[in-house]
Amino acid sequence: MPDRTLVQAVRDALREEMERDERVCVLGEDVGRKGGVFGATEGLQARFGARRVMDTPLAESSIVAVAQGLALEGYRPVAEIQFADYSFPAFNQIVNEVAKVRYRSNGDFSCPLVIRAPQGGGVRGAFYHSQSVEAYYCHVPGLKVVAPSTPADAKGLLKAAIRDPDPVIFLEPKKLYRAGREDVQDGEPALRPLGQARIVREGADLTVITYGYFRAVALDAAARLQADGIEIEVVDLRTLRPWDVALCMESVARTGRLAVLYEANRTGGFGAEVAAELAERCFANLDAPVTRIASPDVPSMPFNARLEQAFLLDADRVTAELARLARF
Amino acid sequence: MPDRTLVQAVRDALREEMERDERVCVLGEDVGRKGGVFGATEGLQARFGARRVMDTPLAESSIVAVAQGLALEGYRPVAEIQFADYSFPAFNQIVNEVAKVRYRSNGDFSCPLVIRAPQGGGVRGAFYHSQSVEAYYCHVPGLKVVAPSTPADAKGLLKAAIRDPDPVIFLEPKKLYRAGREDVQDGEPALRPLGQARIVREGADLTVITYGYFRAVALDAAARLQADGIEIEVVDLRTLRPWDVALCMESVARTGRLAVLYEANRTGGFGAEVAAELAERCFANLDAPVTRIASPDVPSMPFNARLEQAFLLDADRVTAELARLARF
Amino acid sequence: MTTTAEVEALGLTREQVLTAYTTICRARALDDRRFLLNRTGAVAFIISPRGHEVAQVAAISALDPGRDRFCLYYRDFAAALACGFTSEELMLSAFARPQDPSSGGRQTPGNFGSRRRGVIVGSSTVGPQIPKAAGIGLALRWQGAGGVCYVSFGEGATSQGDFHEGLNFAAIHRCPVVFFCENNHWAISVPQELQVAGPGVAARAAAYGIPGVAVAGDDFFAVYRAVSVAVQRARAGEGPTLIEARVLRLQSHSTDDDQRGYREAAELAAEAARDPIPRMRATLTELGWLSAQEDARIQASLMLEVDAATAQAEAASDPDPQTLFAHVYADA
Amino acid sequence: MTTTAEVEALGLTREQVLTAYTTICRARALDDRRFLLNRTGAVAFIISPRGHEVAQVAAISALDPGRDRFCLYYRDFAAALACGFTSEELMLSAFARPQDPSSGGRQTPGNFGSRRRGVIVGSSTVGPQIPKAAGIGLALRWQGAGGVCYVSFGEGATSQGDFHEGLNFAAIHRCPVVFFCENNHWAISVPQELQVAGPGVAARAAAYGIPGVAVAGDDFFAVYRAVSVAVQRARAGEGPTLIEARVLRLQSHSTDDDQRGYREAAELAAEAARDPIPRMRATLTELGWLSAQEDARIQASLMLEVDAATAQAEAASDPDPQTLFAHVYADA
Ligand SMILES: Cc1ncc(C[n+]2csc(CCOP(=O)(O)OP(=O)(O)O)c2C)c(N)n1
Ligand SMILES: Cc1ncc(C[n+]2csc(CCOP(=O)(O)OP(=O)(O)O)c2C)c(N)n1
Ligand SMILES: [Mg+2]
Ligand SMILES: [Mg+2]
């Protein structure tokens with residue numbers, strides 16, 4: 001099995017799906033000749049040509065609209081939005097159009113497409129290259145939202161998203177694009193179904209539910225707390241809409257304590273949904289308040305490195321919060 | 001004190017603020033000659049002229065962008081988005097621009113403007129004239145979000161929003177525009193500060209936190225449950241960002257039971273924030289799980305009356321849910 | 001005055017023209033009935049094509065409903081009939097019945113959709129169908145079967161960023177798209193001078209290096225000719241065309257609007273006198289293609305058709321509330 | 001060849017031109033230093049104006065920094081200097097120091113803002129400043145003091161719906177706005193032919209009934225003339241103008257990009273040989289306004305200025321992390 005970074009795994013998924021199904025095509029800003037600003041589509045235009053790997057004008061609304069038109073005609077477009085922060089010019093196309101095609105047509109039409117976008121911070125990208133946008137899309141019936149955190153998940157979930165009959169927002173943690181490598185399978189065995197969370201570390205004392213970049217932070221904190229005899233269970237949601245409520249409930253039932261950890265601004269983040277739902281459904285099992293650990297309510301991350309660090313939670317701060325909750 | 005419907009109260013607030021402060025101006029689609037599709041700006045163009053009450057082109061992004069330009073130059077624009085569902089073409093201007101002006105300039109610039117939009121359903125408006133959009137904006141640091149539910153609150157809060165130094169999203173419950181009347185004060189006494197919730201009915205057994213149209217539904221359900229000896233306390237948030245956590249905590253501390261009632265789609269709705277925050281902070285006081293009562297996760301309301309009713313919760317269903325929670 | 005030779009030079013037979021004329025009259029008859037039904041409260045909300053019917057049907061007549069794609073907008077009631085929707089189907093949608101083929105009564109009447117007819121389901125949102133049509137056109141070009149995507153919208157929609165993005169994309173990639181603007185000079189209460197900067201909609205085509213054509217929307221043959229030329233260009237791989245059909249809005253914006261509140265009575269009266277349907281009838285009579293008796297027969301049979309469609313739609317049952325939860329996703 | 005008479009006919013004195021030339025050289029000297037600092041890791045991210053400097057400074061020279069408004073975009077480093085930003089201030093922003101007047105080190109260098117200078121704080125987002133400038137122009141028209149709003153952007157930005165919405169609004173309301181497109185024919189790796197349908201950016205003005213002017217961006221006097229005419233029109237209440245300055249991008253898009261990956265080496269070499277700064281220097285020499293000695297003096301003093309600015313910015317302290325929470329709202 002080849003050793004892959006997350007961004008390589010994304011590229012492999014695109015290449016494999018394009019080889020498997022000629023309806024699959026890629027479009028976006030700089031995805032062709034340049035291969036994407038992060039290299040996620042590197043080599044694809046040389047391999048599949050300028051039609052199936054298309055450099056679009058700098059206009060996100062039309063990128064999504066064109067992808068939608070292709071999907072309505074039977075293609076399986078994968079649109080890249082260069083940074084998740086720039087999905088907002090396409091918000092109307094995504095929320096009012098793409099998401100509602102199947103429902104408003106009473107099932108006569110469908111709109112199977114994938115919108116890939118790198119998100120999150122910690123790369124000195126400042127306000128417009130650091131935002132976490134999942135909450136906006138997780139509130140939209142008709143959309144699916146995926147947030148992988150490892151190379152194997154990125155590949156397997158992207159392949160599944162491309163094959164999914166409904167529109168999928170696929171949010172890639174840019175800070176992890178080249179952060180690490182892991183063995184990733186080729187072809188069909190690499191597939192990972194949407195909608196399944198995963199317990200990435202078992203522990204009896206406290207459940208941490210997270211996704212994306214913060215999976216690594218949670219594991220780091222969990223390792224440190226083990227030294228103090230605190231056993232943390234870490235759940236990686238992987239798919240945010242629909243999310244795996246059953247697996248999460250089962251974990252919380254065992255540990256009796258839950259922290260929801262996310263990178264987006266705290267107020268109104270998707271973690272609020274997870275916390276609210278589990279606080280309600282696990283009420284009888286809870287030994288401590290369901291606690292959210294998230295980014296402060298300031299507009300994303302400043303450029304200055306020290307301010308960026310002040311914004312982005314690190315293992316120290318997360319460890320401290322978890323320790324407090326474990327001892328509640 | 002004059003007897004006013006909610007839409008009349010909105011109009012009074014605009015007129016009074018325009019008389020008080022010549023920097024205040026109104027712009028949007030059909031707000032001038034026609035006076036707005038709901039009549040919220042009726043008579044204002046005749047009174048203040050076509051400059052201060054401007055019919056714009058059919059382009060929401062530029063409506064918000066132009067309002068922003070006016071605000072940056074010292075005016076106090078009130079932009080009308082004809083239906084909240086149509087704020088999405090302006091999403092980038094609102095989230096990436098308006099909301100971040102003060103922060104990204106380190107306080108050198110500010111962007112005091114109000115974006116008014118009627119929202120919510122129950123008027124046979126179908127998918128594109130019925131959505132509740134507060135969750136999208138409540139997640140954005142830099143924005144304030146207001147959702148009045150009575151004529152007096154609509155007037156007092158809109159006057160306060162226009163005077164606020166920061167951008168305010170002002171969401172009006174269109175179903176209540178003409179649903180009822182109440183005495184509304186003139187001038188300064190009408191002012192209502194942002195950020196304060198209100199206990200609109202006292203009760204010892206269970207707290208219902210709601211806002212907008214559902215305030216009426218909650219009061220209706222509360223009246224019915226009184227017959228069964230269940231005393232419901234109803235809190236109307238009125239301002240959603242920032243919301244009045246202190247008042248809500250105080251109420252839940254007394255009742256020990258909390259239902260969060262909202263019209264938006266359940267998953268990822270702003271009610272999730274309220275439920276998550278209070279489940280965490282009131283943990284020790286809770287005798288029952290914090291319960292959300294909200295609309296189903298289907299894309300807004302279909303046009304067909306029976307399907308619209310099936311979507312929109314009524315007092316019967318809310319009463320049943322509250323009774324179950326009270327007896328938990 | 002038009003001659004039969006000129007008309008036949010367009011490749012139109014008498015049958016085709018009379019079929020189109022009948023469709024136009026059908027739209028008017030159905031719409032008049034819908035208006036009454038709205039006033040009696042039987043139908044909640046209607047957007048009238050009154051004044052646009054001739055332009056709409058002329059345009060669709062130049063396309064091939066079997067093979068082409070149609071992104072219609074809410075005012076395209078007559079266009080929908082020309083695309084193959086039946087009177088009964090459109091009445092079912094007015095009554096929001098589950099048998100409405102566009103949405104099963106889920107959408108307001110006017111958001112037409114039918115996959116088998118190539119009519120792409122629309123929304124009430126002004127503008128998004130324009131760049132979407134560019135994408136559909138791109139797909140049709142890739143398929144290489146000569147299919148064309150027709151997309152229509154009002155002049156108000158040309159103010160949206162999506163109009164610009166759609167034309168720019170379609171022009172760059174020579175997508176086979178006919179952009180058809182039904183310019184009635186009003187967007188609800190906003191007149192063209194506050195909506196469209198510059199000389200007009202057709203003049204915007206030059207910005208993208210594509211043909212822009214303005215045509216009198218009450219002239220069936222002129223609209224048919226303009227759209228036919230655009231369709232030929234598109235099928236030949238020469239790319240998109242922007243057509244501006246100048247029409248009149250002979251009704252208020254919708255049944256929720258009353259244009260007497262913001263337009264001059266004299267102007268409204270003058271426009272009412274310029275109804276395009278009598279003009280087309282006169283032209284057909286001049287051509288010797290339509291006699292008063294034939295016309296009376298057509299109108300009479302349409303009345304029966306409208307009565308029957310209304311009765312069937314009225315009698316149709318409402319949907320089961322449980323269907324609210326269907327079709328959010330493929331698996332739910 | 002330009003004559004002093006021609007130049008003075010533009011209302012430009014030798015002093016003004018030499019000041020502009022010095023600003024242009026200052027931008028180049030600072031940018032070269034920023035590039036080195038980026039390669040040594042001292043500075044995280046830079047967007048170079050290399051190739052655009054002459055056009056930027058010529059344009060700003062035609063406006064009145066005290067009175068007018070400027071919506072600049074991330075490549076307008078030389079324009080920012082022309083608006084009054086100092087070398088030290090721009091170095092402070094490169095080092096993301098709290099003393100950076102644009103954002104206190106919160107934004108990436110290139111998002112210029114200074115209320116007292118009339119420079120409206122921008123974002124990294126491509127396009128939104130264009131309709132915003134229309135709104136600022138509307139306010140300036142209301143104020144009636146003859147102020148003008150200048151807004152600049154690349155040709156890639158013209159693909160955004162916001163470009164269209166901004167020009168349409170400004171044209172309808174005759175807002176005093178100068179839309180200045182710095183067309184370097186590339187949007188990161190996307191060439192103009194995949195970006196801008198039709199004859200070019202200037203040709204888009206006609207769609208809105210406003211003047212559109214294309215000008216050689218390496219000709220200081222031509223750019224100055226074009227912008228002056230637009231500014232006069234705007235001050236006279238005649239509305240907006242769209243100017244397309246054709247320039248070269250003599251650097252990769254940003255320090256995170258390497259254009260050798262997607263552009264021909266030969267083309268890059270050919271463009272490097274067309275650097276507009278030597279050309280301007282030659283013109284000034286021909287005019288007898290600049291001798292080799294004078295030029296050497298200017299370059300030497302700029303070197304000292306850049307050294308001092310770099311030293312000061314490098315020495316400046318980082319912000320207190322607690323300031324992260326300031327200025328989200330007026331009261332917090
Ligand atoms: C994005 C959006 N904004 C506003 C509306 C409300 N609205 C519906 S139709 C309309 C006017 C459209 O005018 P035009 O495009 O000229 O078409 P017409 O109705 O005149 O045929 C408006 C403002 C909408 N449906 N969508
Ligand atoms: C809305 C948005 N989409 C994408 C980007 C990423 N991006 C930054 S600059 C750029 C290219 C801009 O090209 P152009 O407008 O020609 O200006 P230039 O950089 O060539 O001066 C892109 C795609 C962005 N900043 N904003
Ligand atoms: Mg119109
Ligand atoms: Mg460029």
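Computed from heavy atoms alone, side chains included, the values below leave out hydrogens, waters and symmetry copies. Lettering of chains follows the sequences in order, A, B, ..., and the numbering in each one begins at 1.
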Exercise for review: Could you pull out the closest heavy-atom pair between F303(B) and G105(C), with the gap in Å?
Suggested key: CB-O, 3.6 Å
Practice item. Please tell me if the side chains of P57(B) and V190(C) come closer than 4.5 Å, counting only heavy atoms from C-beta onward. Key: no
Practice item. Only counting residues at least two apart or in another chain, list the ones meeting ring pair (Phe, Tyr, Trp, His ring centres under 6.0 Å) with F91(B). Key: F88(A), F91(A), Y136(A), Y137(B)
Between chain B and chain C, which N and O donor-acceptor pairs fall under 3.5 Å? A table would be great.
residue: D30(B); atom: OD1; partner: S189(C); partner atom: N; Å: 2.8
residue: D30(B); atom: OD1; partner: S189(C); partner atom: OG; Å: 2.6
residue: R33(B); atom: NH1; partner: Y262(C); partner atom: O; Å: 3.2
residue: R33(B); atom: NH2; partner: Y262(C); partner atom: O; Å: 3.4
residue: R33(B); atom: NH2; partner: E264(C); partner atom: OE2; Å: 3.3
residue: K34(B); atom: NZ; partner: D257(C); partner atom: OD1; Å: 2.6
residue: L58(B); atom: N; partner: Q195(C); partner atom: OE1; Å: 2.7
residue: L58(B); atom: O; partner: Q160(C); partner atom: NE2; Å: 3.3
residue: E60(B); atom: OE1; partner: Q160(C); partner atom: NE2; Å: 2.8
residue: F303(B); atom: N; partner: R106(C); partner atom: O; Å: 2.7
residue: N304(B); atom: N; partner: G105(C); partner atom: O; Å: 3.0
residue: N304(B); atom: ND2; partner: A96(C); partner atom: O; Å: 2.7
residue: N304(B); atom: ND2; partner: D318(C); partner atom: OD1; Å: 2.8

Check your understanding: Under a 4.5 Å cut-off applied to non-hydrogen side-chain atoms, are P299(B) and V328(C) in contact?
Key -> yes
Study note, to complete from the structure: Pair count under 4.5 Å, heavy atoms only, with chain B: among P321(C), A187(C), P319(C), highest is P319(C)
